[in-house]
Amino acid sequence: MMIQNSDQEKQLAARESVKFLRNNQVVGLGTGSSAYHAVVAIGEMVKNGLEIRGIPTSVKTKTLAESLNIPLIDIHTVHSIDITIDGADEFTEKLELIKGGGGALLREKIVASLTRQMIIITDSSKKVNQLGKFKLPIEVIPFASAYVMQQLEKLNGTGHIRQNENKPFLTDQGNYIIDADFGLIPDPEDLAQKLNNIVGLVEHGLFIHLASMVIMGDGDTTKTFKSRL
Ligand code: 5RP
């Protein structure tokens, strides 16, 4: 029977991704509903004897990992992370990603940058030919938010500060998120460079050259897209 529910596709992708885990690895633990399934599966594997140490990408994931008795390690004590499993809001076959729908993009990008094998897990709705339908999350210092917004306009973007119960949503670092609309993004690398130059912009959700593979749930099976680099 075909499974079409996106959460079931996420769960299928998560189950496939944890097959890459090995004893003694340092494992980056992603944030969001897809990563949730991976963390739960890892918790089960730890219960059954897998020996890993996790590095969570958000306070929420840390709480979940602790509740599952997954041993954690301080990011400051490692030089690299063996494998990370995380979700994405959009991906292309070139493995360009938009991330940050859950607001954890800064820690996610730091963890991804330290990671040797970055596995992205998604449902089938996340695959696109060109990034940009999903609004690009951008983490900003609150003091700089109006300035950053002006700079985004110079790049033909518009944006609004993400809200939570009528107040600005705050990231785990106490920053704001601007959800920015640039229309479809023909050259994500070029936009990423331009965003990197804006003062007060802490990080953006374009993840380029970071993913090693995307495992996408697709009905009742999974499809894997690998980096050609
Ligand atoms: C959080 C993220 C998530 O990985 C992304 O939003 C995908 O979430 P989900 O797995 O719930 O669809 O980047 O900052």
Side-chain angles (χ1 to χ4, degrees), residues 3-18 27-42 54-65 75 81 83-92 95-115 118-128 131-140 161-164 168-181 185 188 192 195 201-208 210-218 222-223 225:
I3 301 172
Q4 277 166 352
N5 177 298
S6 82
D7 196 58
Q8 284 172 299
E9 289 184 344
K10 289 173 182 182
Q11 208 168 340
L12 272 181
R15 284 204 207 116
E16 204 53 37
S17 70
V18 297
V27 179
L29 305 171
T31 297
S33 56
S34 314
Y36 168 86
H37 291 301
V39 177
V40 168
I42 293 169
I55 298 187
T57 51
S58 62
V59 172
K60 199 167 177 189
T61 298
K62 181 170 187 269
T63 307
L64 174 65
I75 192 165
I81 296 171
I83 182 166
T84 290
I85 302 174
D86 202 350
D89 299 298
E90 281 187 350
F91 77 95
T92 67
L95 305 198
E96 303 151 327
L97 317 174
I98 286 185
K99 284 185 53 54
L105 67 107
L106 176 57
R107 292 192 192 186
E108 288 173 339
K109 200 179 267 190
I110 294 165
V111 166
S113 301
L114 277 165
T115 295
M118 174 79 187
I119 303 182
I120 296 297
I121 51 175
T122 72
D123 64 81
S124 53
S125 70
K126 307 288 183 70
K127 183 170 175 293
V128 296
L131 299 179
K133 194 164 168 215
F134 190 91
K135 306 272 180 298
L136 179 65
I138 295 176
E139 180 155 348
V140 295
I161 295 174
R162 189 179 296 181
Q163 301 290 307
N164 181 26
F169 168 89
L170 289 182
T171 68
D172 285 344
Q173 288 70 229
N175 292 322
Y176 291 174
I177 297 276
I178 295 176
D179 289 300
D181 189 352
I185 303 170
L195 294 174
L201 186 157
V202 183
E203 198 45 83
H204 54 78
L206 287 169
F207 282 49
I208 317 284
L210 287 171
S212 318
M213 82 173 72
V214 175
I215 303 176
M216 179 186 88
D218 189 19
T222 58
K223 278 189 185 154
F225 302 86

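Note that ligands are numbered from 1 as they come in the structure, with each ligand's atoms numbered from 1 the same way. Please read all numbers here as calculations on a predicted model, not as lab measurements.
- Just one of I185, L131, V128, L206 meets the side chain to side chain contact (heavy atoms under 4.5 Å, CB included) condition when paired with E96; it is L131.
- Among K127, E9, E16, the one residue that satisfies the side chain to side chain contact (heavy atoms under 4.5 Å, CB included) test with M216 is K127.
- For E139 (side chain) and L105 (main-chain N/O), no donor-acceptor pair under 3.5 Å exists by modelled atom type.
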Can you list the steps and then say if K126 with K10 is a side-chain contact (heavy atoms from CB on, under 4.5 Å)?
-> CA-CA 11 Å; K126 307 288 183 70; K10 289 173 182 182; 4.2 Å; yes

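- When only non-hydrogen protein atoms are considered, atom 2 (C) of ligand 1 lies nearest to E108 OE2, 3.4 Å.
- Close contacts of ligand 1 with G32, meaning ligand atoms under 4.0 Å from a residue heavy atom, involve 11 (O).
- In summary, the atoms of ligand 1 found under 4.0 Å from a heavy atom of K126, numbered by their order in the structure, are 7 (C), 9 (P), 12 (O).
- Of all the heavy atoms of A88, the ones lying under 4.0 Å from any atom of ligand 1 belong exclusively to the backbone.
- Using a 4.0 Å cut-off to heavy atoms of G87, the atoms of ligand 1 that qualify are 4 (O).
- Looking only at distances, a side-chain donor or acceptor of D89 sits under 3.5 Å from a matching main-chain atom of G100.
- Checked against a 3.5 angstrom limit, the closest N/O atoms of A35 and ligand 1 fall outside it.
- Proximity of a side-chain donor or acceptor of K99 to a complementary backbone N or O of G87 within less than 3.5 Å is detected.
- Taking atom 5 (C) of ligand 1 as the reference point, the nearest protein heavy-atom neighbour is D89 OD1, 3.2 Å.
- Nearest heavy-atom pair, H204 versus K109, reported as atom, atom and distance to 0.1 Å: O-NZ, 2.9 Å.
- With a 4.0 Å heavy-atom cut-off, ligand 1 is reached by no atom of T122.
- Interface of T31 with ligand 1, defined as ligand atoms under 4.0 Å from a residue heavy atom, comprises 1 (C), 2 (C), 3 (C), 4 (O).
- The protein non-hydrogen atom at the shortest distance from atom 10 (O) of ligand 1 is S34 OG, 2.5 Å.
- The G103 neighbourhood of ligand 1 comprises atoms 14 (O), with distances under 4.0 Å to a heavy atom of that residue.
- Listed by atom number, the atoms of ligand 1 under 4.0 Å from K10 heavy atoms are 9 (P), 11 (O), 12 (O).
- Those atoms of ligand 1 with a heavy atom of S33 less than 4.0 angstrom away are 9 (P), 10 (O), 11 (O), 12 (O).
- At least one N or O atom of G100, backbone or side chain, sits closer than 3.5 Å to an N or O atom of ligand 1.
- Screening L29, T115, V27 against I81 for a side chain to side chain contact (heavy atoms under 4.5 Å, CB included) leaves a single residue, T115.
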Using the side-chain contact (heavy atoms from CB on, under 4.5 Å) rule, take L106 and D172 through it: C-alpha gap first, then chi angles, then the decisive distance, then the call.
-> CA-CA 9 Å; L106 176 57; D172 285 344; over 6 Å; no

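- Within ligand 1, the atoms closer than 4.0 Å to a non-hydrogen atom of D86 are 4 (O), numbered from 1 in the order shown.
- Of all heavy-atom pairs spanning A112 and M118, the tightest one is CB-SD, 3.7 Å.
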